[in-house]
Amino acid sequence: MSDDVTRLTDDDDLVRLVDHEGERTTDARWDAYRARAAHLSLSDVRDMFRDMTLVRAFDNEATSLQRQGELGLWAQSLGQEAAQIGSGRALAPQDYVFPSYREHGVAHTRGVDLAQILHLFRGIDHGGWDAQAHSFQNYTLVIGAHTLHATGYAMGVQRDGLVGTGDPTRDMAVVTYFGDGATSQGDVNESLVFASVNQAPLVMFCQNNQWAISEPNARQFRVPVGRRGEGFGVPGVRVDGNDVLACYAVMQEALERARSGGGPTLVEAFTYRMGAHTTSDDPTRYRTREEEQFWRDRDPIDRVERLLRREGAWDDAWAEQVAAEAAELGARVREHVRALGRPVSSSMFDDVYATEHAQVTHERQLFETYEAGFADGGAR
């Protein structure tokens with residue numbers, strides 16, 4: 001395991017309410033965040049465990065489906081469940097989310113049917129869910145591009161008078177999720193500029209999983225992500241991304257600042273991508289087994305289980321029900337994907353423009369002629 005991983009893991013500026021052994025922390029610096037999570041009962045924590053377990057089961061099933069040739073690609077969220085479920089559960093119904101492409105846990109908290117996510121990765125359509133119904137935009141595969149979309153949307157929300165009214169059912173925040181690699185893109189830095197000078201009601205939530213494909217943090221930046229907002233005038237906070245309660249509390253504070261008119265926040269959830277970047281990636285080529293084992297020992301789901309056991313809220317019968325529900329979800333997702341069939345190849349020309357476009361129509365005709373030229377006349 002590299003010195004960089006050890007140093008960043010041991011940084012004492014990470015907001016942490018539960019350590020990896022499942023014991024609640026007592027650091028007085030985090031009392032304000034502790035108070036924000038104080039209303040969460042052990043029943044709420046069990047619900048978080050259930051959410052994280054379901055999302056991981058879905059993630060594992062999607063990985064298997066890609067390996068079986070049912071999906072073209074898959075981006076795992078393995079190891080990042082606490083960051084996503086914790087922050088997602090802090091959102092209000094009116095808050096609006098712009099995800100990247102592995103926010104499966106956040107999608108779950110917004111009521112998206114997880115099976116619908118796979119439409120994109122099978123090439124059936126561009127998203128699979130109604131973005132407005134869930135206040136959760138379609139996935140963005142272009143690294144960092146959606147942060148500008150989110151910033152513009154937040155500026156629009158501000159101009160529509162939906163910030164700082166004091167009405168908790170009216171005031172809203174906009175959230176954008178991205179990874180550490182995206183912080184090297186101009187889009188993210190431009191978003192910080194516009195969000196700052198406009199005091200946009202935006203939470204920029206970076207899941208720092210330590211690897212931008214094969215590039216470690218040490219090759220991406222010299223200071224932690226959470227401190228990079230300072231130069232733009234955006235307050236930042238670093239949180240243990242494997243601590244679901246801390247992620248919830250930190251997100252609550254950032255959302256309240258945005259909704260009240262206090263402007264943007266940059267959140268760095270320091271976590272670890274336990275799987276590959278995508279199913280086309282081989283992480284064994286650039287990181288060690290020792291490093292991977294270090295983070296498996298800090299599995300975010302195991303942390304919640306240890307907390308529940310310590311505090312007498314673990315029940316084996318209930319845990320078996322959650323496991324059964326996860327297995328049922330996996331089976332349903334598998335059946336759903338296999339029933340989707342294959343999209344018509346020429347459908348790639350649909351929805352390029354709102355109305356018919358001569359160039360696109362011409363390209364469609366050329367493609368259909370090309371496909372018809374094969375001996376079986378079928379799609380390639």
Side-chain angles (χ1 to χ4, degrees), residues 2 4-5 7-9 11 13-15 75-77 79-80 82-84 86-87 97-103 105-106 137 139-154 173-198 200 202-242 247 250-251 254 257-258 263-274 276-278 281 283 286-287 295:
S2 70
D4 287 313
V5 172
R7 175 179 59 79
L8 288 170
T9 302
D11 270 1
D13 66 338
L14 294 176
V15 178
Q76 290 180 288
S77 60
Q80 298 179 219
Q84 296 188 14
S87 63
V97 178
F98 287 79
S100 59
Y101 49 77
R102 73 171 86 242
E103 275 70 59
V106 185
Q137 259 297 336
Y139 277 3
T140 300
L141 303 183
V142 180
I143 306 298
H146 61 295
T147 61
L148 282 171
H149 305 160
T151 304
Y153 197 95
V174 178
V175 182
T176 180
Y177 288 85
F178 52 95
D180 47 292
T183 65
S184 297
Q185 295 290 108
D187 308 59
V188 173
N189 292 273
E190 291 159 11
S191 297
L192 284 163
V193 171
F194 277 91
S196 175
V197 299
N198 289 283
L202 179 69
V203 179
M204 301 184 70
F205 194 96
C206 176
Q207 293 175 85
N208 179 1
N209 63 26
Q210 304 182 53
W211 289 96
I213 308 183
S214 59
E215 291 297 292
N217 282 178
R219 290 180 178 268
Q220 299 178 67
F221 37 77
R222 299 298 296 172
V223 297
V225 171
R227 288 175 49 196
R228 295 179 70 184
E230 296 172 8
F232 297 91
V234 176
V237 59
R238 303 186 71 219
V239 60
D240 183 341
N242 285 12
C247 288
V250 164
M251 189 59 145
R257 178 180 295 120
T265 304
L266 174 60
V267 176
E268 175 192 358
F270 190 77
T271 181
Y272 192 76
R273 191 195 76 215
M274 289 168 61
H277 173 69
T278 68
D281 172 43
Y286 54 81
R287 64 189 192 189
W295 286 99

Quick one: does any side-chain atom of Gln137 pair with a main-chain N or O of Thr176 as donor and acceptor, under 3.5 Å?
no

Quick check for you: to the nearest 0.5 Å, what is the distance between Gln207 atom CD and Arg273 atom CZ?
12.5 Å

Looking at Phe232, I'd like to know if its CZ atom is crowded, meaning that more than 12 non-hydrogen atoms belonging to other residues, nucleotides or ligands lie closer than 6.0 Å.
yes

Distance-only donor-acceptor check, side chains Tyr177 and Ser87, under 3.5 Å
yes

Consider side-chain contact (heavy atoms from CB on, under 4.5 Å). Of Thr151, Leu266, Val234, which one does Leu202 pass it with?
Thr151

Testing Thr271, Thr183, Asn217 for side-chain contact (heavy atoms from CB on, under 4.5 Å) with Asn208, which one passes?
Asn217

Supply the atom-to-atom distance Glu190 CD to Thr147 OG1, rounded to the nearest 0.5 angstrom.
8.0 Å

Under 3.5 Å, is there a donor-acceptor pair between the side chain of Thr265 and the main chain of Val203?
no

Please check: side-chain N/O of Gln210 versus main-chain N/O of Tyr272, any donor-acceptor pairing under 3.5 Å?
no

Just by modelled atom types, is the Ala145 backbone N or O under 3.5 Å from a matching donor or acceptor in the Gln185 side chain?
no

Backbone N or O of His277 within a donor-acceptor pair of the Arg102 side chain at under 3.5 Å?
yes

Value rounded to 0.5 Å, distance of CH2 in Trp211 from CG in Asp281
10.5 Å

